[in-house]
Amino acid sequence: MGLTEKDLARLGPAAQKQIRAALSRRDTAQKARHLQTSAARRGPLLPEADSELEQRYYAAELWPKIMAGLVAQVELHKQFLLYPADTYCGLRLPAAHYTPDFFITYQNGVVEVVEVKSAAVRKLQRDYIYRRRLFIERYARPNGWKFTEYIQE
């Protein structure tokens, strides 16, 4: 037997808050269990990875945390809008995006954004440091997210 919105509306604000928090915790735990079972089935391999570095990061760092039940959700290559497309003085300005490699939500509510790069690729992508800074200032810092960068020499 589940509660409907109508049932919740009959309760006071404190009770509603408490019930919504409990439902949210239950949903997070269910997502984490699903993530854990699919990770156990698949093993430390990540077929959706774009690079070998992402594969190695997942196998060495992320997979053990998932198996320990610490991770609630993992999103690969989640795209964030830095600037929308626009025009200025007849110039077409394309939208600017930042796409980190991993967007990880832990069971305790902490969010970590992980970027995995080789040093050579980082040097070739000259605009990376500016997109990274813009992402940190527009999304990570205001939301209290942790930003981690793994650079392989």
Side-chain angles (χ1 to χ4, degrees), residues 2 5 16-153:
E5 283 297 320
Q16 286 182 17
K17 183 178 178 183
Q18 188 177 11
I19 290 171
R20 288 186 199 282
L23 291 173
S24 176
R25 282 192 304 273
R26 185 190 69 186
D27 291 345
T28 301
Q30 284 176 344
K31 286 179 186 175
R33 279 192 301 276
H34 177 68
L35 179 67
Q36 192 175 22
T37 55
S38 68
R41 218 177 311 114
R42 181 174 55 219
L45 300 175
L46 188 63
E48 308 92 50
D50 283 349
S51 69
E52 183 186 330
L53 282 176
E54 288 178 19
Q55 286 274 7
R56 287 199 311 238
Y57 171 79
Y58 179 82
E61 299 285 331
L62 198 51
W63 191 72
K65 291 177 184 176
I66 291 170
M67 295 312 296
L70 301 175
V71 176
Q73 186 176 6
V74 176
E75 292 181 62
L76 266 70
H77 308 115
K78 182 175 180 176
Q79 192 174 68
F80 293 89
L81 179 67
L82 299 176
Y83 283 111
D86 199 5
T87 57
Y88 180 74
C89 296
L91 293 172
R92 189 181 77 69
L93 304 172
H97 296 93
Y98 180 75
T99 308
D101 294 318
F102 298 94
F103 186 81
I104 306 162
T105 306
Y106 292 95
Q107 286 280 24
N108 62 4
V110 172
V111 174
E112 182 179 17
V113 179
V114 179
E115 184 67 48
V116 180
K117 287 207 179 302
S118 70
V121 169
R122 187 171 187 243
K123 284 181 184 177
L124 289 173
Q125 294 178 339
R126 293 183 181 179
D127 66 334
Y128 166 70
I129 59 170
Y130 302 111
R131 287 184 293 114
R132 179 192 65 191
R133 172 67 191 269
L134 206 53
F135 170 78
I136 289 171
E137 296 302 332
R138 292 196 70 184
Y139 291 98
R141 192 182 309 242
N143 292 311
W145 298 344
K146 181 180 175 187
F147 185 87
T148 307
E149 191 176 48
Y150 285 91
I151 306 293
Q152 181 189 14
E153 295 300 323

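Any value given below was found using the heavy atoms of this structure, including those in side chains, with hydrogens, waters and symmetry copies removed.
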Scan residues 67-82 for pairs that pass salt bridge (charged side-chain N to carboxylate O under 4.0 Å, His left out), counting only residues two or more places apart or in two chains. Glu75-Lys78

Mind jotting down which residue pairs meet the salt bridge (charged side-chain N to carboxylate O under 4.0 Å, His left out) criterion with at least one end in residues 95-110? Sequence neighbours excluded, please. none

State the [atom1]-[atom2] distance between [X] and [Y], to the nearest 0.5 angstrom.
X      : Y      : atom1 : atom2 : result
Tyr106 : Lys146 : OH    : NZ    : 6.5 Å
Ile104 : Leu76  : CD1   : CG    : 9.0 Å
Glu54  : His77  : CD    : NE2   : 3.5 Å
Thr99  : Phe135 : OG1   : CZ    : 9.5 Å
Lys65  : Gln107 : NZ    : CD    : 13.5 Å

For the student: nearest non-hydrogen atoms of Val111 and Thr105, plus distance: CG2-OG1, 4.2 Å

Determine the minimum heavy-atom distance between Pro64 and Tyr58, stating which atoms define it. CD-O, 4.2 Å

Pair listing, side-chain hydrogen bond (donor to acceptor under 3.5 Å, both in side chains) test, anchored in residues 80-93, at least two apart: none

For the backbone of Val110 and the side chain of Asn108, can you confirm whether one donor and one acceptor N or O come within less than 3.5 Å of each other? yes

Under 3.5 Å donor-acceptor, Tyr57 side chain and Glu115 backbone: no

By side-chain hydrogen bond (donor to acceptor under 3.5 Å, both in side chains) - contacts of Tyr150 (at least two apart): none

Can you list everything that forms a side-chain hydrogen bond (donor to acceptor under 3.5 Å, both in side chains) with Gln55? Sequence neighbours excluded, please. none

Counting only heavy atoms not in Glu137, do more than 12 fall under 6.0 Å of its CD? yes

Could you check if a side-chain atom of [X] sits within less than 4.5 angstrom of a side-chain atom of [Y], using non-hydrogen atoms only?
X      : Y      : result
Val74  : Ile66  : yes
Leu81  : Tyr139 : yes
Arg131 : Tyr128 : yes

Going by the angle between their ring planes, with limits at 30° and 60°, are Tyr98 and Phe147 parallel, tilted or perpendicular? tilted

Using side-chain contact (heavy atoms from CB on, under 4.5 Å) as the criterion, list what pairs up with Gln152, not counting sequence neighbours. Leu53, Arg56

Can you tell which of Val113, Val116, Thr148 makes a side chain to side chain contact (heavy atoms under 4.5 Å, CB included) with Phe102? Val116

